[in-house]
2 protein chains.
Amino acid sequence: MAATGGTGRPEKRKAITQAATTVFGREGYVRASMDAIAAEAGVSKRTVYNHFADKETLFLSVALQNSAELTETIRALMAKHLDRVVDLRRDLAGFAVDRARAVLSAGEHGALGRAIRAEVANIPADVLEAWLEAGPVASLRDLAAHFEVLAGRGLLTVEDPALAAEQYTLLTFHGVAERSFWGAVPVADEEVERIAAVGVDAFLQIYGTPAVRD
Amino acid sequence: MAATGGTGRPEKRKAITQAATTVFGREGYVRASMDAIAAEAGVSKRTVYNHFADKETLFLSVALQNSAELTETIRALMAKHLDRVVDLRRDLAGFAVDRARAVLSAGEHGALGRAIRAEVANIPADVLEAWLEAGPVASLRDLAAHFEVLAGRGLLTVEDPALAAEQYTLLTFHGVAERSFWGAVPVADEEVERIAAVGVDAFLQIYGTPAVRD
DNA sequence: CAGGATAAACTACACCGGGTAGTTTCTGAG
DNA sequence: CTCAGAAACTACCCGGTGTAGTTTATCCTG
(Lines give C-alpha, C1' and ligand atoms only; values in the text may rest on other atoms or scores of the structure.)
Protein backbone atom coordinates (compact mmCIF):
# COMPACT_ATOMS: atom_id res chain seq x y z
CA MET A 1 0.00 0.00 0.00
CA ALA A 2 2.94 2.24 0.82
CA ALA A 3 2.28 5.92 0.88
CA THR A 4 4.19 8.22 -1.44
CA GLY A 5 5.14 10.10 1.67
CA GLY A 6 8.04 9.69 4.02
CA THR A 7 7.61 6.09 5.11
CA GLY A 8 10.60 3.95 5.88
CA ARG A 9 14.19 4.69 6.72
CA PRO A 10 15.33 8.00 5.24
CA GLU A 11 18.71 6.69 4.13
CA LYS A 12 17.09 3.88 2.15
CA ARG A 13 14.77 6.41 0.55
CA LYS A 14 17.71 8.55 -0.41
CA ALA A 15 19.49 5.56 -1.90
CA ILE A 16 16.41 4.71 -3.94
CA THR A 17 15.92 8.20 -5.34
CA GLN A 18 19.60 8.40 -6.13
CA ALA A 19 19.52 5.06 -7.92
CA ALA A 20 16.32 5.95 -9.76
CA THR A 21 17.88 9.19 -10.96
CA THR A 22 20.86 7.28 -12.28
CA VAL A 23 18.95 4.48 -13.96
CA PHE A 24 16.15 6.63 -15.41
CA GLY A 25 18.78 9.04 -16.67
CA ARG A 26 20.79 6.28 -18.27
CA GLU A 27 18.00 4.14 -19.71
CA GLY A 28 14.98 6.40 -20.01
CA TYR A 29 11.64 5.71 -18.42
CA VAL A 30 10.45 2.74 -20.44
CA ARG A 31 13.72 0.84 -20.58
CA ALA A 32 14.51 1.32 -16.92
CA SER A 33 13.25 -1.55 -14.81
CA MET A 34 12.31 -1.50 -11.17
CA ASP A 35 14.61 -4.48 -10.66
CA ALA A 36 17.54 -2.50 -11.99
CA ILE A 37 16.72 0.46 -9.76
CA ALA A 38 16.45 -1.75 -6.69
CA ALA A 39 19.76 -3.40 -7.54
CA GLU A 40 21.46 -0.04 -8.11
CA ALA A 41 20.18 1.16 -4.75
CA GLY A 42 21.38 -2.02 -3.04
CA VAL A 43 17.88 -2.57 -1.79
CA SER A 44 15.19 -5.16 -2.37
CA LYS A 45 12.35 -4.41 -4.72
CA ARG A 46 10.01 -4.79 -1.81
CA THR A 47 11.62 -1.79 -0.17
CA VAL A 48 11.25 0.29 -3.29
CA TYR A 49 7.54 -0.39 -3.40
CA ASN A 50 7.41 0.35 0.29
CA HIS A 51 8.54 3.89 -0.42
CA PHE A 52 6.91 4.60 -3.78
CA ALA A 53 3.52 3.43 -4.96
CA ASP A 54 4.61 2.52 -8.49
CA LYS A 55 7.11 3.18 -11.22
CA GLU A 56 5.44 6.32 -12.49
CA THR A 57 5.26 7.88 -9.04
CA LEU A 58 8.92 7.18 -8.49
CA PHE A 59 9.86 8.70 -11.83
CA LEU A 60 7.84 11.85 -11.36
CA SER A 61 9.18 12.24 -7.85
CA VAL A 62 12.83 12.09 -8.83
CA ALA A 63 12.13 14.23 -11.91
CA LEU A 64 10.78 17.03 -9.77
CA GLN A 65 13.54 16.74 -7.24
CA ASN A 66 16.18 16.75 -9.94
CA SER A 67 14.64 19.79 -11.56
CA ALA A 68 14.82 21.74 -8.32
CA GLU A 69 18.39 20.67 -7.64
CA LEU A 70 19.54 21.68 -11.08
CA THR A 71 17.88 25.05 -10.69
CA GLU A 72 19.77 25.52 -7.44
CA THR A 73 23.06 24.64 -9.12
CA ILE A 74 22.41 27.14 -11.87
CA ARG A 75 21.40 29.77 -9.34
CA ALA A 76 24.78 29.33 -7.67
CA LEU A 77 26.53 29.71 -11.02
CA MET A 78 24.63 32.91 -11.65
CA ALA A 79 25.69 34.25 -8.27
CA LYS A 80 29.28 33.38 -9.02
CA HIS A 81 29.39 35.06 -12.41
CA LEU A 82 26.73 37.78 -12.33
CA ASP A 83 26.60 39.11 -8.78
CA ARG A 84 29.75 41.19 -9.02
CA VAL A 85 30.21 41.91 -12.71
CA VAL A 86 33.35 43.72 -13.69
CA ASP A 87 33.85 42.57 -17.27
CA LEU A 88 30.34 42.04 -18.64
CA ARG A 89 31.32 40.13 -21.74
CA ARG A 90 33.64 37.82 -19.85
CA ASP A 91 31.17 37.17 -17.06
CA LEU A 92 28.26 36.48 -19.38
CA ALA A 93 30.39 34.03 -21.32
CA GLY A 94 31.68 32.45 -18.14
CA PHE A 95 28.18 31.79 -16.90
CA ALA A 96 27.16 30.39 -20.28
CA VAL A 97 30.03 27.92 -20.28
CA ASP A 98 29.49 26.81 -16.71
CA ARG A 99 25.78 26.35 -17.16
CA ALA A 100 26.23 24.34 -20.34
CA ARG A 101 28.72 22.11 -18.58
CA ALA A 102 26.46 21.67 -15.57
CA VAL A 103 23.35 20.79 -17.54
CA LEU A 104 24.92 18.80 -20.34
CA SER A 105 27.59 16.94 -18.45
CA ALA A 106 27.54 13.20 -18.99
CA GLY A 107 26.71 12.82 -15.30
CA GLU A 108 23.14 12.32 -14.27
CA HIS A 109 22.48 15.98 -13.57
CA GLY A 110 20.95 16.65 -16.93
CA ALA A 111 20.41 13.08 -18.02
CA LEU A 112 17.09 12.93 -16.28
CA GLY A 113 16.01 16.01 -18.19
CA ARG A 114 16.45 13.97 -21.35
CA ALA A 115 14.24 11.25 -19.96
CA ILE A 116 11.55 13.78 -19.15
CA ARG A 117 11.70 15.37 -22.57
CA ALA A 118 11.44 11.91 -24.10
CA GLU A 119 8.45 11.01 -21.99
CA VAL A 120 6.70 14.35 -22.04
CA ALA A 121 3.70 13.08 -23.97
CA ASN A 122 2.95 10.64 -21.16
CA ILE A 123 3.36 13.02 -18.25
CA PRO A 124 0.24 14.52 -16.60
CA ALA A 125 -0.14 18.18 -17.46
CA ASP A 126 -0.02 19.39 -13.87
CA VAL A 127 3.16 17.48 -13.10
CA LEU A 128 4.78 18.79 -16.25
CA GLU A 129 3.87 22.28 -15.24
CA ALA A 130 5.37 21.75 -11.81
CA TRP A 131 8.56 20.43 -13.40
CA LEU A 132 8.80 23.46 -15.69
CA GLU A 133 8.13 25.79 -12.80
CA ALA A 134 10.82 24.23 -10.61
CA GLY A 135 13.30 24.06 -13.48
CA PRO A 136 13.56 26.09 -16.69
CA VAL A 137 11.00 28.72 -15.76
CA ALA A 138 12.63 29.37 -12.40
CA SER A 139 16.06 29.70 -13.99
CA LEU A 140 14.68 32.10 -16.54
CA ARG A 141 13.20 34.23 -13.78
CA ASP A 142 16.46 34.24 -11.86
CA LEU A 143 18.36 35.32 -14.93
CA ALA A 144 15.85 38.04 -15.73
CA ALA A 145 16.32 39.44 -12.22
CA HIS A 146 20.07 39.58 -12.75
CA PHE A 147 19.62 41.35 -16.08
CA GLU A 148 17.38 43.89 -14.43
CA VAL A 149 20.12 44.69 -11.94
CA LEU A 150 22.68 44.96 -14.71
CA ALA A 151 20.36 47.28 -16.58
CA GLY A 152 20.03 49.39 -13.47
CA ARG A 153 23.80 49.68 -13.38
CA GLY A 154 23.78 50.87 -16.97
CA LEU A 155 25.54 47.81 -18.33
CA LEU A 156 22.60 46.57 -20.40
CA THR A 157 19.76 48.27 -22.21
CA VAL A 158 16.86 46.03 -21.37
CA GLU A 159 13.20 46.83 -21.65
CA ASP A 160 11.84 43.33 -21.09
CA PRO A 161 14.19 41.40 -18.79
CA ALA A 162 12.29 38.14 -19.25
CA LEU A 163 12.70 38.36 -23.01
CA ALA A 164 16.36 39.22 -22.68
CA ALA A 165 16.89 36.22 -20.40
CA GLU A 166 15.19 33.92 -22.88
CA GLN A 167 17.20 35.23 -25.81
CA TYR A 168 20.44 35.01 -23.89
CA THR A 169 19.59 31.41 -23.12
CA LEU A 170 18.75 30.67 -26.72
CA LEU A 171 21.90 32.28 -28.08
CA THR A 172 24.38 30.86 -25.60
CA PHE A 173 22.84 27.59 -24.48
CA HIS A 174 20.23 26.05 -26.74
CA GLY A 175 22.63 25.71 -29.63
CA VAL A 176 24.87 23.46 -27.53
CA ALA A 177 21.92 21.69 -25.95
CA GLU A 178 20.52 20.82 -29.33
CA ARG A 179 23.86 19.83 -30.77
CA SER A 180 24.56 17.48 -27.87
CA PHE A 181 20.95 16.28 -27.70
CA TRP A 182 20.80 17.53 -24.14
CA GLY A 183 23.92 15.75 -23.10
CA ALA A 184 23.48 12.44 -24.87
CA VAL A 185 26.28 13.18 -27.31
CA PRO A 186 29.46 14.76 -25.94
CA VAL A 187 30.52 18.17 -27.18
CA ALA A 188 34.11 19.35 -26.99
CA ASP A 189 34.90 21.94 -24.35
CA GLU A 190 36.32 24.39 -26.84
CA GLU A 191 33.14 24.07 -28.87
CA VAL A 192 31.10 25.02 -25.82
CA GLU A 193 33.34 28.01 -25.26
CA ARG A 194 33.19 29.07 -28.88
CA ILE A 195 29.39 28.94 -28.91
CA ALA A 196 29.21 30.86 -25.65
CA ALA A 197 31.49 33.55 -27.03
CA VAL A 198 29.60 34.13 -30.28
CA GLY A 199 26.30 33.87 -28.42
CA VAL A 200 27.34 36.59 -26.00
CA ASP A 201 28.57 38.69 -28.92
CA ALA A 202 25.16 38.50 -30.51
CA PHE A 203 23.41 39.13 -27.21
CA LEU A 204 25.44 42.25 -26.58
CA GLN A 205 24.67 43.55 -30.05
CA ILE A 206 21.04 43.49 -29.03
CA TYR A 207 21.22 44.55 -25.41
CA GLY A 208 24.67 45.98 -24.79
CA THR A 209 25.09 49.64 -24.01
CA PRO A 210 27.33 51.48 -26.50
CA ALA A 211 30.29 51.31 -24.12
CA VAL A 212 30.31 47.53 -24.15
CA ARG A 213 28.85 46.70 -27.55
CA ASP A 214 32.03 47.18 -29.56
CA MET B 1 15.92 -13.51 -43.49
CA ALA B 2 14.48 -10.79 -45.68
CA ALA B 3 16.89 -8.20 -47.00
CA THR B 4 16.51 -4.56 -46.06
CA GLY B 5 16.49 -3.85 -49.76
CA GLY B 6 13.62 -3.65 -52.20
CA THR B 7 12.02 -7.04 -51.62
CA GLY B 8 8.31 -7.42 -51.64
CA ARG B 9 5.42 -5.50 -53.09
CA PRO B 10 6.16 -1.78 -53.18
CA GLU B 11 2.71 -0.69 -52.06
CA LYS B 12 2.89 -2.91 -49.00
CA ARG B 13 6.29 -1.50 -48.25
CA LYS B 14 4.89 2.00 -48.51
CA ALA B 15 2.03 1.13 -46.20
CA ILE B 16 4.48 -0.27 -43.66
CA THR B 17 6.77 2.77 -43.64
CA GLN B 18 3.76 5.04 -43.40
CA ALA B 19 2.35 3.07 -40.49
CA ALA B 20 5.73 2.88 -38.80
CA THR B 21 6.11 6.65 -39.06
CA THR B 22 2.73 7.13 -37.45
CA VAL B 23 3.14 4.62 -34.65
CA PHE B 24 6.77 5.44 -33.83
CA GLY B 25 5.83 9.11 -33.83
CA ARG B 26 2.89 8.53 -31.55
CA GLU B 27 4.38 6.00 -29.12
CA GLY B 28 8.14 6.38 -29.37
CA TYR B 29 10.52 3.60 -30.24
CA VAL B 30 10.30 1.41 -27.16
CA ARG B 31 6.54 1.61 -26.67
CA ALA B 32 5.69 1.05 -30.30
CA SER B 33 5.10 -2.62 -31.03
CA MET B 34 5.58 -4.40 -34.29
CA ASP B 35 2.08 -5.80 -33.92
CA ALA B 36 0.68 -2.28 -33.74
CA ILE B 37 2.65 -1.22 -36.80
CA ALA B 38 1.48 -4.24 -38.77
CA ALA B 39 -2.11 -3.58 -37.73
CA GLU B 40 -1.85 0.11 -38.63
CA ALA B 41 -0.46 -0.87 -42.03
CA GLY B 42 -3.23 -3.39 -42.57
CA VAL B 43 -0.61 -6.04 -43.12
CA SER B 44 0.42 -9.21 -41.36
CA LYS B 45 3.36 -9.05 -39.02
CA ARG B 46 5.16 -11.60 -41.15
CA THR B 47 5.07 -9.18 -44.07
CA VAL B 48 6.67 -6.48 -41.99
CA TYR B 49 9.54 -8.84 -41.24
CA ASN B 50 9.62 -9.74 -44.90
CA HIS B 51 10.49 -6.14 -45.74
CA PHE B 52 12.60 -5.09 -42.77
CA ALA B 53 15.04 -7.26 -40.90
CA ASP B 54 14.02 -6.09 -37.44
CA LYS B 55 12.47 -3.28 -35.44
CA GLU B 56 15.60 -1.18 -35.31
CA THR B 57 16.16 -1.35 -39.06
CA LEU B 58 12.58 -0.28 -39.67
CA PHE B 59 12.89 2.63 -37.26
CA LEU B 60 16.14 3.93 -38.66
CA SER B 61 14.81 3.58 -42.17
CA VAL B 62 11.69 5.65 -41.58
CA ALA B 63 13.67 8.12 -39.48
CA LEU B 64 16.01 8.88 -42.35
CA GLN B 65 13.21 9.08 -44.85
CA ASN B 66 11.22 11.39 -42.63
CA SER B 67 14.22 13.63 -42.11
CA ALA B 68 14.70 14.06 -45.83
CA GLU B 69 11.02 14.75 -46.42
CA LEU B 70 10.88 17.39 -43.74
CA THR B 71 13.95 19.08 -45.16
CA GLU B 72 12.24 19.21 -48.53
CA THR B 73 9.13 20.75 -47.00
CA ILE B 74 11.21 23.41 -45.29
CA ARG B 75 13.11 24.07 -48.49
CA ALA B 76 9.82 24.79 -50.21
CA LEU B 77 8.83 27.18 -47.43
CA MET B 78 12.15 29.00 -47.83
CA ALA B 79 11.55 29.35 -51.53
CA LYS B 80 8.08 30.71 -50.88
CA HIS B 81 9.17 33.34 -48.36
CA LEU B 82 12.77 34.15 -49.15
CA ASP B 83 13.20 33.84 -52.92
CA ARG B 84 11.55 37.14 -53.75
CA VAL B 85 11.87 39.27 -50.65
CA VAL B 86 10.15 42.62 -50.72
CA ASP B 87 9.50 43.26 -47.03
CA LEU B 88 12.40 41.60 -45.22
CA ARG B 89 10.92 41.69 -41.73
CA ARG B 90 7.60 40.33 -42.89
CA ASP B 91 9.12 37.58 -44.99
CA LEU B 92 11.54 36.43 -42.30
CA ALA B 93 8.67 36.26 -39.82
CA GLY B 94 6.46 34.49 -42.34
CA PHE B 95 9.04 31.79 -42.88
CA ALA B 96 9.56 31.41 -39.15
CA VAL B 97 5.86 30.88 -38.54
CA ASP B 98 5.42 28.44 -41.39
CA ARG B 99 8.44 26.41 -40.41
CA ALA B 100 7.38 26.18 -36.80
CA ARG B 101 3.96 25.03 -37.87
CA ALA B 102 5.39 22.47 -40.27
CA VAL B 103 7.82 20.94 -37.81
CA LEU B 104 5.76 21.18 -34.64
CA SER B 105 2.33 20.36 -35.99
CA ALA B 106 0.62 17.59 -34.09
CA GLY B 107 0.75 15.54 -37.29
CA GLU B 108 3.47 12.99 -37.68
CA HIS B 109 5.77 15.27 -39.62
CA GLY B 110 7.78 16.26 -36.60
CA ALA B 111 6.59 13.59 -34.22
CA LEU B 112 9.20 11.18 -35.46
CA GLY B 113 11.86 13.76 -34.71
CA ARG B 114 10.80 13.55 -31.08
CA ALA B 115 11.20 9.80 -31.15
CA ILE B 116 14.71 10.15 -32.54
CA ARG B 117 15.71 12.73 -29.98
CA ALA B 118 14.38 10.45 -27.28
CA GLU B 119 16.30 7.48 -28.61
CA VAL B 120 19.47 9.25 -29.61
CA ALA B 121 21.63 7.46 -27.06
CA ASN B 122 20.76 4.14 -28.69
CA ILE B 123 21.29 5.15 -32.30
CA PRO B 124 24.56 4.19 -34.05
CA ALA B 125 26.77 7.22 -34.56
CA ASP B 126 26.90 6.92 -38.34
CA VAL B 127 23.12 6.70 -38.67
CA LEU B 128 22.70 9.67 -36.38
CA GLU B 129 25.12 11.62 -38.51
CA ALA B 130 23.21 10.69 -41.64
CA TRP B 131 19.98 11.80 -40.01
CA LEU B 132 21.49 15.14 -39.03
CA GLU B 133 22.93 15.61 -42.48
CA ALA B 134 19.62 14.90 -44.20
CA GLY B 135 17.70 17.05 -41.74
CA PRO B 136 18.79 19.94 -39.54
CA VAL B 137 22.21 20.42 -41.09
CA ALA B 138 20.79 20.52 -44.60
CA SER B 139 18.16 23.07 -43.60
CA LEU B 140 20.80 25.22 -41.98
CA ARG B 141 22.86 25.16 -45.16
CA ASP B 142 19.85 26.08 -47.26
CA LEU B 143 19.06 28.98 -45.00
CA ALA B 144 22.65 30.19 -45.01
CA ALA B 145 22.57 30.25 -48.80
CA HIS B 146 19.47 32.41 -48.74
CA PHE B 147 21.06 34.80 -46.27
CA GLU B 148 24.09 35.10 -48.49
CA VAL B 149 21.87 36.17 -51.36
CA LEU B 150 20.07 38.67 -49.14
CA ALA B 151 23.42 40.04 -48.02
CA GLY B 152 24.44 40.41 -51.66
CA ARG B 153 21.30 42.47 -52.21
CA GLY B 154 22.27 44.71 -49.31
CA LEU B 155 19.36 43.66 -47.10
CA LEU B 156 21.51 42.00 -44.46
CA THR B 157 24.98 42.58 -43.09
CA VAL B 158 26.30 39.07 -42.80
CA GLU B 159 29.89 37.98 -42.44
CA ASP B 160 29.27 34.35 -41.57
CA PRO B 161 26.07 33.15 -43.25
CA ALA B 162 26.13 29.81 -41.43
CA LEU B 163 26.26 31.54 -38.05
CA ALA B 164 23.50 33.92 -39.05
CA ALA B 165 21.34 30.98 -40.11
CA GLU B 166 21.90 29.24 -36.81
CA GLN B 167 21.12 32.33 -34.77
CA TYR B 168 18.02 33.06 -36.81
CA THR B 169 16.89 29.51 -36.12
CA LEU B 170 17.60 29.83 -32.43
CA LEU B 171 15.83 33.15 -32.07
CA THR B 172 12.74 32.35 -34.12
CA PHE B 173 12.32 28.61 -33.81
CA HIS B 174 14.03 26.92 -30.90
CA GLY B 175 12.08 28.89 -28.33
CA VAL B 176 8.85 27.45 -29.71
CA ALA B 177 10.34 24.03 -30.22
CA GLU B 178 11.47 23.89 -26.61
CA ARG B 179 8.23 25.29 -25.26
CA SER B 180 6.19 22.71 -27.16
CA PHE B 181 8.70 19.92 -26.52
CA TRP B 182 9.08 19.51 -30.26
CA GLY B 183 5.38 19.27 -30.88
CA ALA B 184 4.32 17.09 -27.99
CA VAL B 185 2.52 19.96 -26.28
CA PRO B 186 0.43 22.27 -28.46
CA VAL B 187 1.33 25.95 -28.67
CA ALA B 188 -1.22 28.58 -29.61
CA ASP B 189 -0.89 30.06 -33.08
CA GLU B 190 -0.66 33.62 -31.81
CA GLU B 191 2.15 32.52 -29.49
CA VAL B 192 4.06 31.14 -32.46
CA GLU B 193 3.54 34.42 -34.31
CA ARG B 194 4.58 36.48 -31.31
CA ILE B 195 7.80 34.53 -30.85
CA ALA B 196 8.56 34.76 -34.55
CA ALA B 197 8.06 38.51 -34.45
CA VAL B 198 10.30 39.23 -31.48
CA GLY B 199 12.84 36.72 -32.77
CA VAL B 200 13.06 38.49 -36.10
CA ASP B 201 13.32 41.81 -34.32
CA ALA B 202 16.34 40.57 -32.41
CA PHE B 203 17.83 39.00 -35.52
CA LEU B 204 17.55 42.24 -37.45
CA GLN B 205 19.20 44.14 -34.63
CA ILE B 206 22.19 41.91 -35.19
CA TYR B 207 22.20 41.52 -38.95
CA GLY B 208 19.85 44.15 -40.38
CA THR B 209 21.23 46.97 -42.51
CA PRO B 210 20.44 50.42 -41.10
CA ALA B 211 17.55 50.89 -43.53
CA VAL B 212 15.69 47.90 -42.16
CA ARG B 213 16.87 47.78 -38.55
CA ASP B 214 14.55 50.42 -37.16
C1' DC C 1 -4.89 -12.85 -77.28
C1' DA C 2 -6.77 -16.13 -73.68
C1' DG C 3 -5.81 -18.81 -69.96
C1' DG C 4 -3.57 -21.69 -67.03
C1' DA C 5 0.86 -22.86 -64.70
C1' DT C 6 4.46 -21.13 -61.66
C1' DA C 7 6.82 -18.59 -58.35
C1' DA C 8 6.92 -14.95 -55.30
C1' DA C 9 4.64 -12.50 -51.89
C1' DC C 10 1.13 -12.14 -48.31
C1' DT C 11 -2.15 -13.79 -44.48
C1' DA C 12 -3.44 -15.88 -40.25
C1' DC C 13 -2.13 -17.90 -36.33
C1' DA C 14 0.24 -20.43 -33.12
C1' DC C 15 4.38 -20.44 -30.75
C1' DC C 16 8.92 -19.45 -28.24
C1' DG C 17 12.16 -17.30 -25.16
C1' DG C 18 12.60 -13.58 -22.52
C1' DG C 19 11.45 -9.67 -19.79
C1' DT C 20 8.23 -6.52 -17.02
C1' DA C 21 5.42 -4.43 -13.07
C1' DG C 22 3.61 -5.53 -9.18
C1' DT C 23 2.33 -8.92 -5.22
C1' DT C 24 3.11 -12.31 -1.97
C1' DT C 25 5.26 -15.43 1.12
C1' DC C 26 8.73 -16.71 4.04
C1' DT C 27 12.72 -15.69 6.72
C1' DG C 28 15.80 -13.20 9.62
C1' DA C 29 17.45 -9.20 12.18
C1' DG C 30 17.19 -5.28 15.17
C1' DC D 1 7.13 -7.26 16.89
C1' DT D 2 8.06 -4.67 13.18
C1' DC D 3 10.44 -3.87 9.10
C1' DA D 4 13.37 -5.29 5.34
C1' DG D 5 15.71 -8.87 2.42
C1' DA D 6 15.30 -12.63 -0.97
C1' DA D 7 13.02 -14.86 -4.21
C1' DA D 8 9.27 -16.91 -6.29
C1' DC D 9 4.94 -16.04 -8.53
C1' DT D 10 1.21 -13.92 -11.52
C1' DA D 11 -0.32 -12.23 -15.47
C1' DC D 12 0.91 -10.16 -18.85
C1' DC D 13 3.39 -8.09 -23.48
C1' DC D 14 7.06 -8.07 -26.85
C1' DG D 15 10.21 -9.31 -30.75
C1' DG D 16 10.82 -12.67 -33.72
C1' DT D 17 10.01 -17.37 -36.13
C1' DG D 18 7.65 -21.36 -38.31
C1' DT D 19 4.07 -23.13 -41.02
C1' DA D 20 0.37 -24.04 -43.93
C1' DG D 21 -2.59 -22.18 -46.95
C1' DT D 22 -4.08 -18.10 -50.10
C1' DT D 23 -3.46 -14.26 -53.13
C1' DT D 24 -1.20 -11.83 -56.85
C1' DA D 25 1.66 -10.97 -60.69
C1' DT D 26 4.13 -12.78 -64.51
C1' DC D 27 4.85 -15.27 -68.38
C1' DC D 28 4.61 -19.06 -71.34
C1' DT D 29 1.78 -21.81 -74.22
C1' DG D 30 -1.67 -22.89 -77.27
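Proteins come first, then strands; the chains are lettered A, B, ... in the order of their sequence lines, and each starts at number 1. All of these numbers come straight from a predicted model, not from anything done at the bench.
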Q: Calculate the interatomic distance between B:E27 atom CD and D:dC13 atom P; express it in whole Å.
A: 14 Å
(Q) Could you check, using the six-membered ring where one of them is a Trp, whether A:F181 and B:W182 have ring centers closer than 6.0 angstrom? (A) no
Q: Kindly write out the residues that satisfy ring-ring contact (aromatic ring centres under 6.0 Å, His included) with B:Y29, not counting sequence neighbours, or none if the list is empty.
A: B:F24, B:F59
Q | Set of salt bridge (Lys or Arg N to Asp or Glu O under 4.0 Å) partners for B:R75, sequence neighbours left out | A | B:E72, B:D142
Q: Quick one: list whatever passes ring-ring contact (aromatic ring centres under 6.0 Å, His included) with B:F95, sequence neighbours left out.
A: none
Q) Who are the salt bridge (Lys or Arg N to Asp or Glu O under 4.0 Å) partners of A:K55, not counting sequence neighbours? A) none
Q | Phosphate-side-chain proximity, B:N50 and C:dA9, N/O vs OP1/OP2 below 4.0 Å | A | no
(Q) Return a single string for nucleotides 11-25 of chain C, one symbol per nucleotide in 5' to 3' order, where B is base contact, S is sugar-phosphate-only contact and - is none, cutoff 4.0 angstrom on heavy atoms. (A) BB-------SSBBB-
Q | Pairs flagged by side-chain hydrogen bond (donor to acceptor under 3.5 Å, both in side chains) wherever residues 92-102 of chain A is involved - sequence neighbours left out | A | A:K80-A:D98, A:H81-A:D98, A:R99-A:T169, A:R101-A:D189
**Q.** Residues which pass salt bridge (Lys or Arg N to Asp or Glu O under 4.0 Å) with A:R114, listed by chain and number, not counting sequence neighbours
**A.** none
Q.
Can you list everything that forms a salt bridge (Lys or Arg N to Asp or Glu O under 4.0 Å) with B:E69? Sequence neighbours excluded, please.
A. none
Q: Rounded off to whole Å, could you give me the NE2-to-P distance for the B:H51 and D:dG16 pair?
A: 16 Å
Q.
Using five base pairs at each end to define the local axes, how bent is the helix from C:dC1-D:dG30 to C:dG30-D:dC1, to the nearest 10°?
A. 10°
